[in-house]
Protein chains: 2
Amino acid sequence: MNKAEILIIDDEAQIRKLLQINLESNDYRVITAASGHEGLSLAANHSPDLILLDLGLPDISGHKILQELRQWYQKSIIILSVMDNESDIVKALDNGATDYLTKPFRTGELLARIRAAIRRNLDPDQTTIKVYGDLEVDFGARMVKKNQETLKLTQTEYNLLVLFIKNEGKVLTHQFILKEIWGYSYQMETQYLRVFVGTLRKKIEDSPNLPKHIITESGIGYRFQ
Amino acid sequence: MNKAEILIIDDEAQIRKLLQINLESNDYRVITAASGHEGLSLAANHSPDLILLDLGLPDISGHKILQELRQWYQKSIIILSVMDNESDIVKALDNGATDYLTKPFRTGELLARIRAAIRRNLDPDQTTIKVYGDLEVDFGARMVKKNQETLKLTQTEYNLLVLFIKNEGKVLTHQFILKEIWGYSYQMETQYLRVFVGTLRKKIEDSPNLPKHIITESGIGYRFQ
DNA sequence: AAACATCTTTATAAAATCTTTATAAGGCGA
DNA sequence: TCGCCTTATAAAGATTTTATAAAGATGTTT
């Protein structure tokens, strides 16, 4: 399991320590900075998953740091501040802060807000991409590329290709394929399959008459490699 | 130009009125619901850009509503509640709330948190302006230009375009698009989509009958490139 | 109220895809 | 080589899906 890394930028040693202990016991990795300059430098070197930033730092104004960070840092920045005046809050949020908490804060709430912020960082792009030589299949985007070119596959062709890929290397009988793609009652329609294997080969093979990917197993079925 | 739509779910008429006036004068479109059931139904029929949800509703518990919404609604939900106990806050945030504000709240802060939440509906790495050849989309200003000319897009057309851009390259199913743009209860209305893709193509494509951007994936949906 | 913009619905033509048929081509044993 | 069986391909016919116009409905502005 990969632990998320959190950068704390706060000049008060006590708060840093308190936060660090709390966060580490909740399975985060923590790095700390006691000044604005140190914070900016650590952020640049670590690119942490989340930054906790105190607005009241001695060397640079917190708002300034926020602006600097947002030039390049896209992940979550939560502001922790003793300042409870509205204009600070509005300014921070409009400058790209993810959230704003006023000290003293409740630890449970802070942790929940951190979880929410980190959850949002993850792009839900769990794109599984498979590559077979010149062929590239992106299941998340439902896209097939050949030599960088996006192919246009019909639904049936795509389903067929996915079935082949799922069973890469195995010999699939005509009946099995027909049952999977068209349904139980189509098991005798071997000719369907020939037509669609034909069109699919035309699209994904370099030379459809000498196929590299979809291999004919005469009398049995097909095999994908 | 194109206004974001906000759904208020709160049983207190006074608060609804106050919020509505404030939001409308800040260039949002507002719809309101006085109960949990009404709120769920409105959300499903509008798919608003943001939902303001009061936890203390008479008919359904706010936490329950939040969970129901999160089954399909992926945009921002800000909780407004008189309950200031930590466990409610933690529970709401862990159930997918975007933010949590305790009543009474400061209007300026609420507006700033709303701006931040709506900004976040877009990709986190989204620069304010995206360019696709002759097409230029300014998310901050909610404006679209083609060959320097500002296009006049309706709400729905704009929302549709933004959804396409957010999922550039991916094949989006009809159902997914309908759910995101029109709401959960519109998933069967494929013909809507055809009409709006048609009008959108007329505006953003050079030759709408040979589209370069919005590609038809017959039997499945559309893909933006 | 009239004018306008937008959304929803219906109708129909066009395009894409699927199914079926026909025929050619390939492989293998006698 | 021939005949038989399996496979490949083209193409016609059937069906489904999509595009587009346009009418009706709704809501907003003047």
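In what follows, every chain begins at residue 1, and chains take the letters A, B, ... in the order their sequences are listed. Everything numeric in this text was worked out from a predicted model, so none of it was measured.
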Margin query: Under the rule for ring-ring contact (aromatic ring centres under 6.0 Å, His included), what residues qualify as partners of B:H46, not counting sequence neighbours?
Written below: none
Note to self: Using the ring-ring contact (aromatic ring centres under 6.0 Å, His included) criterion, which residues pair with A:Y132? Sequence neighbours excluded.
What the structure shows: A:F224
Item checked: Stretch residues 181-196 of chain B: residues that reach within less than 4.0 Å of DNA chain D through a heavy atom -> B:Q191, B:R194, B:V195
Rounded distance in Å - [atom1] ([X]) to [atom2] ([N]):
X: A:Q155; N: C:dC18; atom1: CD; atom2: C1'; value: 11 Å
X: B:L178; N: C:dT8; atom1: CG; atom2: P; value: 11 Å
X: B:I220; N: C:dC18; atom1: CD1; atom2: C1'; value: 14 Å
X: B:N45; N: C:dC7; atom1: CG; atom2: P; value: 16 Å
X: B:K202; N: C:dA5; atom1: NZ; atom2: P; value: 15 Å
X: A:N159; N: C:dC18; atom1: CG; atom2: C1'; value: 13 Å

Notebook entry, point to check: Reading DNA chain D 5' to 3', which nucleotide is the first, and which the last, to come under 4.0 Å of any heavy atom in chain B?
Noted result: D:dT17 to D:dA21
Notebook entry, point to check: If you find the nucleotide of DNA chain D closest to A:N209 and the one closest to B:G198, which residue's nucleotide is nearer the 5' end?
Noted result: A:N209
Check: Are any of B:T156's side-chain N or O atoms less than 4.0 Å away from OP1 or OP2 of C:dT6?
Finding: no
Item checked: Side-chain N or O of A:T154 closer than 4.0 Å to phosphate OP1/OP2 of C:dC18 -> yes
Once side-chain hydrogen bond (donor to acceptor under 3.5 Å, both in side chains) is applied, do any residues pair with [X], and if so which ones, sequence neighbours excluded?
X: B:Q20; value: B:E24
X: B:R70; value: none
X: B:E5; value: none

Next item on the list: Applying side-chain contact (heavy atoms from CB on, under 4.5 Å), name anything that partners A:S207, two or more places apart in sequence or on another chain.
Entry: A:N209, A:L210
Checklist line | All side-chain contact (heavy atoms from CB on, under 4.5 Å) counterparts of A:I215, not counting sequence neighbours | finding: A:E217, A:R223, A:Q225
Checklist line | Ion pair B:D10/B:R16, N-O distance below 4.0 Å | finding: no
Notebook entry, point to check: Do NZ/NE/NH1/NH2 and the carboxylate oxygens of B:K145 and B:D138 come within less than 4.0 Å?
Noted result: no
Item checked: B:E157 or B:G219, whichever maps to the more 5' nucleotide of DNA chain C -> B:E157
